[in-house]
Amino acid sequence: MSVEELRRVAVAGSAVRAAEAPLLAAGRGPAMMRDAAWALAEHAAALLRARGPVAGTTVAALVGPGNNGGDALFALAFLRRRGVAAVAVPVRHDDDGAPRWHAEGWAALRAAGGRRADAVPAAAALVIDGMLGTGFAGELTLPPAARALPRDAVVLACDVPSGVDADTGEVRGEALRADATVTFGALKTGLLVGEGAALAGEVHPVDIGLGPQLPTSPAARLRLADEAAVRAAHPAPAPDAHKYTRGLVAVAAGSPRYPGAAVLSCSGALHAGAGMVHHAGPEATRDRVLAEHPEALVSTEGPAPDRADAWVAGPGLDTQDDARRRWEGVLSALAERPEAALVADASALELVTAAQLRALREAGTPVVLTPHAGEWARLRERLPADGADAADPLAALRAWSAAHGATVLLKGPRTLTVQPDGEAWLVADGGPELAMGGTGDVLAGALGAVLAADVARRSRARRAGQAPGPVPTAALAAAAAWLHARAGAEQARAGRLTTRTLPAALGAVTARLWRAGDEDGRTRG
Ligand SMILES: NC(=O)C1=CN([C@@H]2O[C@H](COP(=O)(O)OP(=O)(O)OC[C@H]3O[C@@H](n4cnc5c(N)ncnc54)[C@H](O)[C@@H]3O)[C@@H](O)[C@H]2O)[C@@H](O)CC1
Ligand SMILES: [K+]
C-alpha cells in the first residue's frame with residue numbers, strides 16, 4: 001500500500017497485526033514503536049499548539065499493559081523533551097501493586113524526567129489513551145483513572161480508542177471517547193464504521209513501513225470515497241457525447257399517492273448528469289414530472305427495453321396499488337437487456353425476491369439495493385444469508401451481498417457500499433442535512449445516472465471493439481452517494497433545508513467535479 005493509499009484504504013486491526021508479525025520477527029519492533037510514538041507525540045504537540053504554547057503544559061497518558069501503552073510512554077518521553085510535564089498513569093498492576101507496563105517505555109520516560117501518578121492531574125491539557133490497542137478483544141470496563149479526566153482536556157487515542165474492536169468498530173463493554181486518534185500502519189476499519197467511528201474523532205493514519213505487508217484483496221479492504229475516486233467512476237462526458245452515450249435512466253417511481261417521489265428521482269438522475277430520463281408511471285406522476293422537467297420523456301411502461309441503460313425502481317410506489325406490476329415490468333425490461341443496471345429502492349426492497357436476485361445475477365445485471373438501517377434489517381429477515389446477522393456491519397453486508405449477488409448501499413450518516421466479491425466503499429461525508437423525507441429518492445435517481453453512464457460507456461467501448469475496463473459497482477454506487485452527500489453539505493451551507501432544492505445542489509456538485517477534472521487534464525468518459 002502506497003503512502004497515498006494510507007489515507008484512502010482501511011484494513012482490519014487484525015490485518016495490521018498480521019502485517020507487523022514478520023517485521024517483529026525480524027527485530028523491527030522497537031523501531032516501529034519509535035516511529036509510532038514519535039508521530040503520536042507530534043500530533044499531541046499540534047493539538048496543544050492549537051491552544052497555546054506547548055512548553056509548560058501538562059500531558060498525561062493512561063497506560064495499559066501492552067505495546068499500546070509502550071507507544072504512549074515513548075510519546076510522553078518525546079513530549080517531555082519539548083518542555084511538557086509528562087505524567088504516566090498505569091491502569092494495570094501486578095499483585096504486588098507494581099504497574100504492569102512496557103518496561104523500556106517507562107525507563108525512557110523516567111530518563112527524560114517524566115513521572116508516574118495514580119490519577120490524571122487536573123492540570124492535564126491533553127490525555128493520551130494508551131490503555132489498549134489492536135491487542136484488545138472482548139469487553140472493557142474502564143479503570144477508575146479513565147473516569148476522572150479533567151473536563152477540558154483533549155483526549156488523543158493511541159492507535160484505537162480503548163474498548164473499540166479495531167476490526168469491526170464494535171464496543172461490547174465500555175470505551176473511551178477520543179477527540180482524535182493517531183493510528184499506526186494503516187487506517188483501521190474499526191475507526192471508520194460502527195461505534196468506533198463515533199468514538200475515534202478525527203483519525204490520522206501514520207506510515208510505519210507496513211505497506212508491502214498489508215492485504216491487497218478487495219474483500220480485506222475498505223476504500224474511502226474521495227473526489228478522485230468519484231471522478232474515475234463518473235467521469236465527465238466525452239467531447240463527442242450525445243444524449244444516448246451519456247446514458248438513459250428509466251425511472252419507475254411515484255404513484256398517485258406519492259407523486260413527489262417520481263419528480264425527485266427524475267431530478268436526481270438529471271442533475272447527476274444523465275443524458276436522458278424516461279419516467280414510467282401513471283398519468284398523475286407523468287404530468288408532475290413534465291411540469292418540473294420538460295426535457296424528460298414519459299410513458300406508462302417506460303422506454304423500449306433495449307434503450308434503458310439503468311432502471312430506478314421503487315421510490316414512492318404504492319404497495320396497495322400496482323407496485324408489484326410495475327416492479328415486474330422493470331424486471332421484464334431488464335431481461336431483454338441484461339447489461340442495463342438496476343437500482344432497487346424503497347418499495348422495491350420489500351418486493352424483491354431471492355429468485356429474482358438470482359436471475360439478475362445469472363444474467364449479469366448490475367444491481368444496487370439501497371436500504372436504510374430499518375430496511376436493511378427487514379431485508380435480512382425476509383431474505384436471510386449466512387453471516388448476514390453479524391454485529392459487524394461490514395461483515396454482515398459482505399455476507400449478504402455475496403449470498404444474493406447484489407451490491408448493497410447501506411444509507412446512513414456514513415454510507416457503505418459493498419459488492420458480491422467483498423469490495424467495499426465508505427462515504428463519510430454525509431451529514432444530518434440529508435436526514436429528510438425525499439432525499440433517498442434523489443439518491444436513487446443519482447445512482448441511476450452514474451450506473452447508466454457506466455453501462456453506456458461500456459456498450460460504446462464494446463461497439464468500438466475495445467474491452468471496457470471494469471469499474472466495480474460498489475465504486476459507482478459510492479460515487480453517487482458521495483455526490484449526494486456533497487450536495488447535502490452544499491445545501492446546508494447555502495441555508496437551504498428542503499429536499500426540493502437538493503437536486504440543483506447535486507447538479508452544481510457534479511458540474512464542479514467534471515470541471516475540476518477538465519482543469520486537471522484528466523481523461524473523459
Ligand atoms: N508490536 C509493535 O512493535 C508495534 C505495536 N504497536 C502498538 O501496539 C499495539 C498492540 O500491542 P499489543 O499487542 O501489546 O496489545 P495491546 O497493547 O493493545 O493490549 C494488550 C493487552 O491487553 C490485554 N487485553 C486484551 N483484551 C482485554 C480486555 N478485554 N480487557 C482488558 N485487557 C485486555 C491483554 O491481556 C494484553 O495484556 C497497537 O495497538 C499499537 O499501539 C505500534 O507501536 C506499532 C508497532
Ligand atoms: K488506545
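Note that ligands are numbered from 1 as they come in the structure, with each ligand's atoms numbered from 1 the same way. No hydrogens, no waters, no symmetry mates; every other heavy atom, side chains included, goes into these values.
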Regarding R17 and T134, is there a side-chain donor-to-acceptor distance under 3.5 Å anywhere? yes

Of the side chain and backbone of V160, name the one, both, or neither that has a heavy atom under 4.0 Å from an atom of ligand 1. neither

Where ligand 1 meets A36 - atom numbers and elements under 4.0 angstrom, heavy-atom basis: 43 (O)

Could you confirm whether A157 has any N/O/S atom lying under 3.4 Å from the K ion (ligand 2)? no

Distance check below 3.4 Å: does D129 bring an N, O or S atom to the K ion (ligand 2)? yes

Taking only non-hydrogen atoms of G66 and a 4.0 Å limit, the atoms of ligand 1 in range are 14 (O), 17 (O)

Below 3.4 Å, can you find an N, O or S atom of N68 next to the K ion (ligand 2)? yes

Considering only protein heavy atoms, which is closest to atom 10 (C) of ligand 1, and at what distance to one decimal place? T134 OG1, 3.4 Å

Side-chain donor-acceptor distances from residues 23-38 under 3.5 Å, at least two apart:
none

Residue and atom name of the nearest protein heavy atom (relative to atom 38 (C) of ligand 1), distance in Å to one decimal: D159 OD2, 3.1 Å

Looking only at protein heavy atoms, which one is nearest to atom 31 (C) of ligand 1, and what is the separation? R92 NH1, 3.5 Å

Numbered in order shown, the ligand 1 atoms found under 4.0 Å of a heavy atom of F136 are 18 (O), 25 (C), 26 (N), 27 (C), 28 (C), 29 (N)

Minimal non-hydrogen separation, R51 against A125, with atom names: NH1-O, 3.4 Å

Can you pull out the closest protein heavy atom to atom 19 (O) of ligand 1? Residue, atom name and distance to 0.1 Å, please. L132 CD2, 3.8 Å

G135, any N or O under 3.5 Å of ligand 1 N or O: yes

Between T473 and L451, what is the shortest heavy-atom contact and its length? CG2-CD2, 4.2 Å

Derivation and outcome, salt bridge (Lys or Arg N to Asp or Glu O under 4.0 Å), residues E490 and R493: CA-CA 5 Å; E490 177 130 337; R493 255 199 312 278; 3.8 Å; yes

Evaluate the side-chain proximity of W425 to Q419: yes if any heavy-atom separation is below 4.5 Å, no if none is. no

Heavy-atom distance from atom 45 (C) of ligand 1 to the protein below 4.0 Å? yes

Quick check: do V59 and L156 have side-chain heavy atoms less than 4.5 Å from each other? no

Atoms in ligand 1 flagged as close to M32, the criterion being non-hydrogen separation under 4.0 Å: 3 (O), 45 (C)

Non-hydrogen atoms of R100 versus ligand 1: any pair closer than 4.0 Å? no

With only distance considered, is C158 within less than 3.5 Å of ligand 1 through an N or O on each side? no

Checking R231 against E227 for the salt bridge (Lys or Arg N to Asp or Glu O under 4.0 Å) test, could you report, in this order, the C-alpha distance in whole Å, the side-chain angles of both residues, the deciding distance, and whether it holds? CA-CA 6 Å; R231 194 178 296 113; E227 189 172 328; 2.6 Å; yes

Closer than 3.4 Å to the K ion (ligand 2): does that hold for any N, O or S atom in L132? yes

Residue pair L383 / E381, side-chain heavy-atom distance below 4.5 Å: no

For atom 42 (C) of ligand 1, the option (of L24, T183, L210, D71) bearing the nearest heavy atom: D71

Any idea which protein heavy atom is nearest atom 18 (O) of ligand 1, and the distance to it? G133 N, 2.6 Å

I want to check something: taking the side chain as every heavy atom from C-beta on, are I128 and L79 in contact at a cut-off of under 4.5 Å? yes

Tell me whether D386 at atom CG has more than 12 heavy atoms from other residues, nucleotides or ligands lying less than 6.0 Å away. no

Under the ring-ring contact (aromatic ring centres under 6.0 Å, His included) rule, what pairs show up with a residue in residues 5-37, not counting sequence neighbours? none

Mutual orientation of the aromatic rings belonging to H234 and W514 [parallel < 30°, tilted 30-60°, perpendicular > 60°]: tilted

Starting from atom 4 (C) of ligand 1, find the nearest protein heavy-atom neighbour and note its residue, name and distance. E20 OE2, 3.9 Å

Under 4.0 Å from a heavy atom of A137: which atoms of ligand 1 are those, numbered in the order shown and with their elements? 25 (C), 26 (N), 27 (C), 28 (C), 29 (N)

Distance filter under 4.0 Å to G29 heavy atoms, resulting ligand 1 atoms: 3 (O)

Closest approach of any protein heavy atom to atom 12 (P) of ligand 1, naming residue and atom: N67 N, 3.8 Å

Give me the nearest non-hydrogen protein atom to atom 17 (O) of ligand 1 as residue plus atom name, then the distance to 0.1 Å. N68 N, 3.0 Å

Show, in sequence, the C-alpha distance, side-chain angles and deciding distance for E5 and R221, and conclude whether the side-chain contact (heavy atoms from CB on, under 4.5 Å) test is met. CA-CA 11 Å; E5 273 185 309; R221 296 153 63 114; 2.9 Å; yes

